[in-house]
K.L.:
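Here it is, the structure, as structure tokens.
Because the structure is a prediction, the values reported are computed rather than measured.
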There are 4 protein chains.
Amino acid sequence: MKITDKVKKKDLTQMRQKQILDVATRVFSKKGFASTQVDEIAGLAGLGKGTVYRYFKDKKDLFLSIVDRGIRNLKDLVLEAMAEEKEPLDKIKKAIETYLKFFEKHSYLIRVFIHEQSEFQKRIQKRYYQHYYEHVNKIEEVFKKAQTLGLIKKKIKPKLAIAILTDMLNSFIYTWQLTGQKYSLSESFSLITEIYFTGILEEKDK
Amino acid sequence: MKITDKVKKKDLTQMRQKQILDVATRVFSKKGFASTQVDEIAGLAGLGKGTVYRYFKDKKDLFLSIVDRGIRNLKDLVLEAMAEEKEPLDKIKKAIETYLKFFEKHSYLIRVFIHEQSEFQKRIQKRYYQHYYEHVNKIEEVFKKAQTLGLIKKKIKPKLAIAILTDMLNSFIYTWQLTGQKYSLSESFSLITEIYFTGILEEKDK
Amino acid sequence: MKITDKVKKKDLTQMRQKQILDVATRVFSKKGFASTQVDEIAGLAGLGKGTVYRYFKDKKDLFLSIVDRGIRNLKDLVLEAMAEEKEPLDKIKKAIETYLKFFEKHSYLIRVFIHEQSEFQKRIQKRYYQHYYEHVNKIEEVFKKAQTLGLIKKKIKPKLAIAILTDMLNSFIYTWQLTGQKYSLSESFSLITEIYFTGILEEKDK
Amino acid sequence: MKITDKVKKKDLTQMRQKQILDVATRVFSKKGFASTQVDEIAGLAGLGKGTVYRYFKDKKDLFLSIVDRGIRNLKDLVLEAMAEEKEPLDKIKKAIETYLKFFEKHSYLIRVFIHEQSEFQKRIQKRYYQHYYEHVNKIEEVFKKAQTLGLIKKKIKPKLAIAILTDMLNSFIYTWQLTGQKYSLSESFSLITEIYFTGILEEKDK
DNA sequence: AATGAATGAGGGTTCATTCAT
DNA sequence: AATGAATGAACCCTCATTCAT
């Protein structure tokens with residue numbers, strides 16, 4: 001086998017995996033883990049059922065791969081975006097913006113993250129909460145720095161405040177996605193940010 | 001059949017239904033609808049599988065009955081609690097407090113509410129969103145009154161602000177429940193309220 | 001316990017059994033054995049399910065009791081009717097007439113007889129074909145006598161001719177009952193008799 | 001997929017369907033619809049339970065497919081056989097012969113036809129009585145022609161006479177099958193025909 | 001490498017039968 | 001004697017997974 005063949009083979013493998021993951025993300029987020037059939041994923045991907053099993057050990061593996069890929073993407077985007085800014089508060093704003101934009105684009109992913117926690121609690125917590133909070137940790141650092149600089153109320157515990165922020169965002173995206181735009185997206189985003197910031201900022205910054 | 005027998009029969013039915021609903025709530029919230037087995041519910045309730053089907057038409061009926069009961073309880077408690085207070089802001093605080101206490105006691109319920117939206121979107125939205133927002137509508141009224149009295153920023157749209165509040169609370173409870181009390185409940189409650197209120201109140205009230 | 005009590009008790013038992021058998025006949029003939037639920041029989045009889053089991057060992061016993069009762073009634077009626085006539089051919093005609101009238105009145109019974117033969121082949125053949133053919137045997141005798149008297153073609157085997165007659169009648173009643181009077185009852189009866197008799201009688205009797 | 005593959009696939013499908021239908025016909029006629037287990041059919045066909053469901057939507061579909069196939073076969077055979085003869089009476093005799101031969105070969109089918117009328121009354125009557133009487137209509141035409149030619153008594157209504165003929169045949173086959181050949185088939189055939197014909201033919205043809 | 005036919009464990013649901021009241 | 005609540009065996013059907021082609 002020539003080297004170019006190996007490369008081609010590797011390309012094919014990656015291409016197939018992406019092809020399957022893309023479809024699977026859509027289906028899993030629409031139906032949840034248990035109600036999703038491998039058949040449907042294969043069909044929508046234009047592949048045979050057996051082929052899916054060539055690229056993923058089983059249904060669980062496929063599901064967890066989606067979570068994995070999502071978390072990695074999200075983390076990378078948020079960290080990159082924060083690196084672009086200098087000021088702590090700007091970094092936080094940018095993080096929020098990026099976070100929201102990510103899910104605006106991949107809105108179905110929020111349901112995969114939220115849906116099946118219980119089913120895979122043990123397994124997901126290893127992947128999800130460890131990796132997920134990689135970028136959250138970075139935000140925490142920034143938050144602390146902002147407190148040191150006197151920009152944010154000192155009595156607020158960073159971990160908690162960020163957990164609440166994340167939860168607000170998650171739940172907002174989830175509900176928004178779920179209810180089919182009960183309230184407008186952009187309008188709500190600014191309101192959330194305003195509520196959050198007007199609340200956490202010291203009086204002098206207002 | 002004597003009257004006392006009828007009463008007894010009614011009692012038994014209610015008792016059995018409660019017995020089953022209690023167990024089912026626990027199991028459904030742990031595993032989600034599709035992954036829950038009726039067998040397990042029956043077993044944990046100390047009953048035979050067939051008995052569950054005496055009291056609930058099928059698995060779906062059982063699930064929706066849980067949602068129903070939960071929503072009714074929640075609505076009643078929140079409305080009663082709000083009625084106890086005179087001042088609008090106190091009413092809102094009381095509503096938040098009651099809402100949180102309800103889920104502190106029935107924490108698993110939040111997962112039933114959130115979990116299976118997609119599976120039952122049509123059906124649940126009739127029950128859930130209609131009844132659920134019965135008390136939310138009441139809060140909205142209070143919110144508007146508070147705006148008229150100059151207690152809350154006028155530029156904030158009540159519907160949206162309350163949706164965000166509800167989402168914050170839901171997601172907070174959900175995450176709190178999910179992660180196994182990563183952060184303390186009572187501590188977070190006051191923080192949420194503080195963030196929310198400090199943000200929405202006019203300067204003069206601070 | 002006084003004797004009158006014993007009598008009363010026996011009466012009650014018989015009354016209950018008749019009450020149940022009457023309903024059961026209707027339901028079994030409408031739905032067949034396997035698709036009939038004991039619950040429905042009990043309900044329609046205005047009794048509790050458990051009561052049915054006090055009077056019949058199980059579902060099978062109930063079903064076979066219907067067959068039993070039907071066969072006994074039929075046999076008695078046919079034999080009595082034949083006894084009323086003197087001439088062999090009149091006896092046969094009377095038998096046919098009685099047979100048809102019986103099922104005209106208890107049309108549903110034919111389905112019970114025909115329906116579940118396979119299910120109970122072994123058991124029913126003992127009851128059904130033994131007892132059923134008790135009156136058939138009587139007809140056979142008459143048939144032979146008619147042959148001896150030169151009234152019926154001698155080359156026809158009595159057993160076979162009667163089997164065919166019985167089958168014609170059974171099938172006619174069954175189909176008539178099943179299709180809901182596709183063709184008129186009385187009209188067809190006379191035609192059957194005519195075809196059958198015109199066929200079996202010697203030329204000189206025509 | 002190559003064309004030969006498509007052909008193979010089609011062959012396999014047809015082969016499997018036949019394989020299952022053959023077994024199912026036997027089992028359904030022995031036990032009736034409700035008492036038949038899909039498991040048993042699968043087992044006797046040397047297939048897994050799931051495979052049966054690949055080829056038939058459900059138990060009902062399988063059952064009705066049997067009825068369908070049977071009716072189509074019977075109709076085709078009878079019509080072909082009648083076409084071979086010129087004279088009306090010969091056509092009728094041929095139809096009777098073919099009808100009997102068909103059920104001699106597929107004797108169990110008669111029970112499937114007769115058994116579950118109640119269960120599927122609506123559905124079967126559409127398939128059964130519409131298609132079934134397709135060839136019966138043809139016989140009716142022939143019957144009328146024979147009357148015009150003076151071969152059959154004019155006072156007999158064709159529809160009724162044929163219904164009775166069909167019933168005689170059905171019931172004869174059914175009973176013959178049921179009782180395990182209590183009387184010989186071929187012998188009875190000629191007797192039936194003789195009885196039927198000697199009865200319906202005008203004197204001059206005797 | 002790709003396929004999809006075949007499989008059977010698994011789970012929802014029914015209903016004959018039992019038994020405490 | 002009568003009841004009907006409780007039960008669990010039985011049976012239909014689905015779908016993740018395997019494997020021969």
K.L.:
Mind calculating the distance between CZ (A:R54) and P (F:dT17) to the nearest angstrom?
P.N.:
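That distance rounds to 16 Å.
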K.L.:
Over how many whole Å does the gap from B:D58 atom CG to E:dG11 atom C1' extend?
P.N.:
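In whole Å, E:dG11 C1' lies 14 Å from B:D58 CG.
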K.L.:
When the distance from NZ of A:K31 to P of F:dA16 is rounded to whole Å, what number comes out?
P.N.:
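It works out to 11 Å between those atoms.
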K.L.:
Does B:L62 reach the side chain of B:Y55, with side-chain heavy atoms less than 4.5 Å apart?
P.N.:
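The answer is no, as the side chains (C-beta and beyond) never meet within the 4.5 Å cut-off.
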K.L.:
Working to the nearest 0.5 angstrom, can you tell me the gap between A:Q17 CD and A:S65 OG?
P.N.:
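Reported value, rounded in 0.5 Å steps: 7.5 Å.
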K.L.:
If you compare every side-chain N and O of C:K59 against the phosphate oxygens of E:dA16 (OP1, OP2), does one of them come in below 4.0 Å?
P.N.:
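The answer is yes; a side-chain N or O of C:K59 sits under 4.0 Å from OP1 or OP2.
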K.L.:
Using a 4.5 Å cut-off on heavy atoms from C-beta on, say whether the side chain of D:R69 contacts that of D:K18.
P.N.:
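Yes; the side chains approach each other to less than 4.5 Å.
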K.L.:
Which comes earlier along DNA chain E counting from the 5' end, the contact point of B:G50 or that of D:G50, where each point is its nearest nucleotide?
P.N.:
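Looking at DNA chain E, the more 5' nearest nucleotide goes with D:G50.
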K.L.:
Is there a Watson-Crick or G-U wobble partner for E:dA9 with both distances under 3.5 Å, and if so, which one is it?
P.N.:
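Its partner is F:dT14.
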K.L.:
Return yes if some donor-acceptor pair links the side-chain N/O of D:E40 with the main-chain N/O of D:V27 below 3.5 Å, else return no.
P.N.:
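Here the side-chain-to-backbone pair does not exist.
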K.L.:
Round to the nearest Å and state the distance from A:E40 atom CD to F:dT14 atom C1'.
P.N.:
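In whole Å, F:dT14 C1' and A:E40 CD are 14 Å from each other.
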K.L.:
Roughly how many Å is it from CZ in A:F63 to C1' in F:dT17, rounded to a whole number?
P.N.:
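To the nearest whole Å, that distance equals 19 Å.
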K.L.:
Is any side-chain N or O of B:K49 under 3.5 Å from a base N or O of E:dT13, one able to act as donor and the other as acceptor?
P.N.:
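Per atom types, the contact qualifies.
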K.L.:
Please determine, for the side chain of A:Y53, which listed nucleotide (F:dA5, E:dT3, F:dT18) has the closest atom?
P.N.:
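Nucleotide nearest to A:Y53's side chain: F:dT18.
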K.L.:
Give the rounded distance in Å between these two atoms: CD of A:Q19 and P of E:dA1.
P.N.:
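Whole-Å distance recorded here is 15 Å.
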K.L.:
I want to confirm an ordering. Mapping B:L47 and A:V38 to their closest nucleotides on DNA chain F, which one lands closer to the 5' end?
P.N.:
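Taking each residue's closest nucleotide, the earlier one in sequence belongs to B:L47.
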K.L.:
Nearest to the side chain of C:Y55 - F:dA5, E:dA2, F:dA1?
P.N.:
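Given the options F:dA5, E:dA2, F:dA1, the side chain of C:Y55 is closest to F:dA1.
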K.L.:
With a 4.0 Å cutoff (strictly under), does any side-chain N or O of B:T51 reach OP1 or OP2 of F:dT7?
P.N.:
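Looking at the OP1 and OP2 atoms of F:dT7, one of them is under 4.0 Å from a side-chain N or O of B:T51.
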K.L.:
In whole Å, I'd like the distance from the CD1 atom of A:I20 to the P atom of E:dA1.
P.N.:
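Rounding to the nearest Å, CD1 of A:I20 and P of E:dA1 are 13 Å apart.
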K.L.:
Round to the nearest Å and state the distance from C:D39 atom CG to F:dA6 atom P.
P.N.:
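One finds 14 Å between P of F:dA6 and CG of C:D39, rounded.
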K.L.:
Is there side-chain contact between B:F63 and B:T36, with at least one heavy-atom pair below 4.5 Å?
P.N.:
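Side-chain contact under 4.5 Å: no.
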K.L.:
Both distances under 3.5 Å, Watson-Crick or G-U wobble: report the partner of F:dA1, or none.
P.N.:
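Pairing partner, where one exists within any strand: none, as none qualifies.
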K.L.:
At less than 4.0 Å, is any side-chain N or O atom of D:R16 found next to OP1 or OP2 of E:dA6? Yes or no.
P.N.:
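Yes, D:R16 has a side-chain N/O under 4.0 Å of OP1/OP2 on E:dA6.
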K.L.:
Mapping D:Q37 and C:V52 onto DNA chain F by nearest heavy atom, which one lands closer to the 5' end?
P.N.:
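Taking each residue's closest nucleotide, the earlier one in sequence belongs to C:V52.
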